[in-house]
Amino acid sequence: MSTPTGSPTGTFSIRPLDPSPSSQLRSSRGGPIADTELLHRWVTDPKAAFWLMQDAKLQDVEREYMAIAAAGHHDAFIGLHDGEPAFLMERYDPAHVELVGLYEPEPGDVGMHFLTAPSDVRIPGFTRAVITTVMEFLFADPAARRVVVEPDVRNKAVHALNEAVGFVPERVIQKPEKQALLSFCTREQFLAATRVAAV
């Protein structure tokens with residue numbers, strides 16, 4: 001589990017996702033719930049349309065994240081906000097997953113996806129704090145030199161968030177499931193962007 005980090009919006013931490021149906025996460029807002037049951041609620045919410053799992057059954061989510069857990073180049077994490085599950089993060093090696101043949105990977109490249117949980121409560125700056133936490137987590141690995149993302153070209157909100165933490169768009173690429181905006185953020189670009197934001 002990552003070391004909790006504080007921000008004006010609360011405390012954030014990240015732990016590995018347990019995709020097994022028998023896993024149970026006890027939430028102070030309810031009884032025990034499996035990670036994948038929680039994820040099923042998140043990925044099928046209308047606000048998660050760009051995650052491309054709107055019609056997924058619980059078994060589909062279990063199967064997807066069991067496959068990720070078994071993969072050698074892809075893993076998933078649950079992000080906590082003040083101790084409560086609040087976002088999903090996936091980390092992958094783009095030389096082996098998602099972007100094979102679509103760009104020339106460099107040593108130290110790491111791919112990332114993230115999804116915030118649906119909520120009726122709006123916390124100003126929350127999603128920016130989530131992506132900042134995700135980037136800090138990824139760059140905590142000294143081997144990580146550059147984060148690679150490929151959001152849907154239509155997802156303007158994520159493009160703005162990515163830019164805010166230092167991502168620079170490279171080009172539009174065609175993936176089997178979408179047209180994506182291939183973008184990169186080096187450690188130095190992230191640190192420069194977040195330093196400016198903190199001033």
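Note that the numbering runs from 1 along the sequence shown for the chain. Just so you know, these numbers use all the heavy atoms, side chains as well, and skip hydrogens, waters and symmetry mates.
Considering every non-hydrogen atom in both P151 and V149, the closest pair reads CD-C, 3.6 Å. For P118 against R41, the heavy-atom pair with the smallest separation is CG-O, 4.4 Å. Listed here is the closest heavy atom pair of S13 and F87: O-CZ, 4.3 Å. In terms of heavy-atom proximity, M135 sits nearest to C185 at CE-SG, 3.7 Å. For the residue pair I68 and A76, the shortest heavy atom distance occurs at CG2-N, 4.0 Å. When all heavy atoms of Y65 and L88 are compared, the pair lying nearest together is OH-CD2, 3.3 Å.
The CD atom of E62 sits 9.0 Å away from atom CD of E37, with the distance rounded to the nearest 0.5 Å. The CG atom of L138 lies 7.5 Å from the CD1 atom of I14; values are rounded to the nearest 0.5 Å. Atom CG of L115 is separated from atom CH2 of W51 by 5.0 Å, given to the nearest 0.5 angstrom. Separating the CD atom in E136 from the CG atom in L191 is a distance of 9.0 Å, to the nearest 0.5 Å. Rounding to the nearest 0.5 angstrom, the gap separating the CG atom in L52 from the NZ atom in K178 is 6.5 Å. Separating the CG atom in N162 from the CD1 atom in I131 is a distance of 4.5 Å, to the nearest 0.5 Å.
A continuous path of hydrophobic side-chain contacts links L161 to F12 [ILVMFWY only; heavy atoms under 4.5 Å]. Under a hydrophobic-cluster definition in which Ile, Leu, Val, Met, Phe, Trp and Tyr are linked whenever side-chain heavy atoms come within less than 4.5 Å, directly or via other members, V165 and I123 are assigned to the same cluster.
Scored by the salt bridge (charged side-chain N to carboxylate O under 4.0 Å, His left out) test, E98 finds K175 as partners (sequence neighbours excluded). By the side-chain hydrogen bond (donor to acceptor under 3.5 Å, both in side chains) test, R154 pairs with D152, sequence neighbours left out. Partners of W42 according to the side-chain hydrogen bond (donor to acceptor under 3.5 Å, both in side chains) rule, which considers only residues two or more places apart in sequence or in another chain, do not exist here. Legend: residues meeting side chain to side chain contact (heavy atoms under 4.5 Å, CB included) with E106, ordered by chain and number and at least two apart, are D109, R146. With sequence neighbours left out, the ring-ring contact (aromatic ring centres under 6.0 Å, His included) criterion links F190 to F139. Scored by the salt bridge (charged side-chain N to carboxylate O under 4.0 Å, His left out) test, D60 finds R63 as partners (sequence neighbours excluded). For Q174, the side-chain hydrogen bond (donor to acceptor under 3.5 Å, both in side chains) test picks out no residue, with sequence neighbours left out. Residues meeting the salt bridge (charged side-chain N to carboxylate O under 4.0 Å, His left out) test with R145, sequence neighbours left out: none.
Two residues are said to be in side-chain contact when any heavy atoms from C-beta on lie closer than 4.5 Å; E64 and V43 fail this criterion. I78 has its side chain within reach of L39: a pair of non-hydrogen atoms, C-beta onward, lies under 4.5 Å apart. At a threshold of 4.5 Å between non-hydrogen side-chain atoms, the residues T44 and M53 do not count as touching.
Heavy-atom neighbours of E163 CD from other residues, nucleotides or ligands within 6.0 Å: at or below the threshold of 12.
Within the structure, the ring pair (Phe, Tyr, Trp, His ring centres under 6.0 Å) test picks out the following pairs touching residues 147-187 (sequence neighbours left out): Y103-F184. Annotation: salt bridge (charged side-chain N to carboxylate O under 4.0 Å, His left out) contacts involving residues 46-56, sequence neighbours excluded, are absent. Pairs passing the salt bridge (charged side-chain N to carboxylate O under 4.0 Å, His left out) check and including a residue from residues 117-126, sequence neighbours excluded, do not occur. Within the structure, salt bridge (charged side-chain N to carboxylate O under 4.0 Å, His left out) pairs that include any residue of residues 67-82 comprise D75-R91 (at least two apart or interchain).
H74 places no side-chain N or O within 3.5 Å of a backbone atom of E90 that could act as its donor or acceptor partner. A distance-only check finds no donor-acceptor pair linking the side chain of R171 to the backbone of L182 [under 3.5 Å]. Between the side chain of D35 and the main chain of L17, no donor-acceptor pair closer than 3.5 Å is present.
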Q: Walk me through it: do D141 and V110 pass the test side-chain contact (heavy atoms from CB on, under 4.5 Å)?
A: CA-CA 10 Å; D141 179 354; V110 57; over 6 Å; no
Q.
Run F114 and F77 through ring-ring contact (aromatic ring centres under 6.0 Å, His included) and show every step you take.
A. CA-CA 9 Å; F114 83 98; F77 303 85; over 10 Å; no
Q: Report the C-alpha distance between F126 and T116 in whole Å, list the side-chain angles of each, state the deciding distance to 0.1 Å, and finish with yes or no for side-chain contact (heavy atoms from CB on, under 4.5 Å).
A: CA-CA 9 Å; F126 178 77; T116 55; 4.2 Å; yes
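Under the 30°/60° scheme for interplanar angles, the aromatic rings of Y92 and H113 are found to be tilted.
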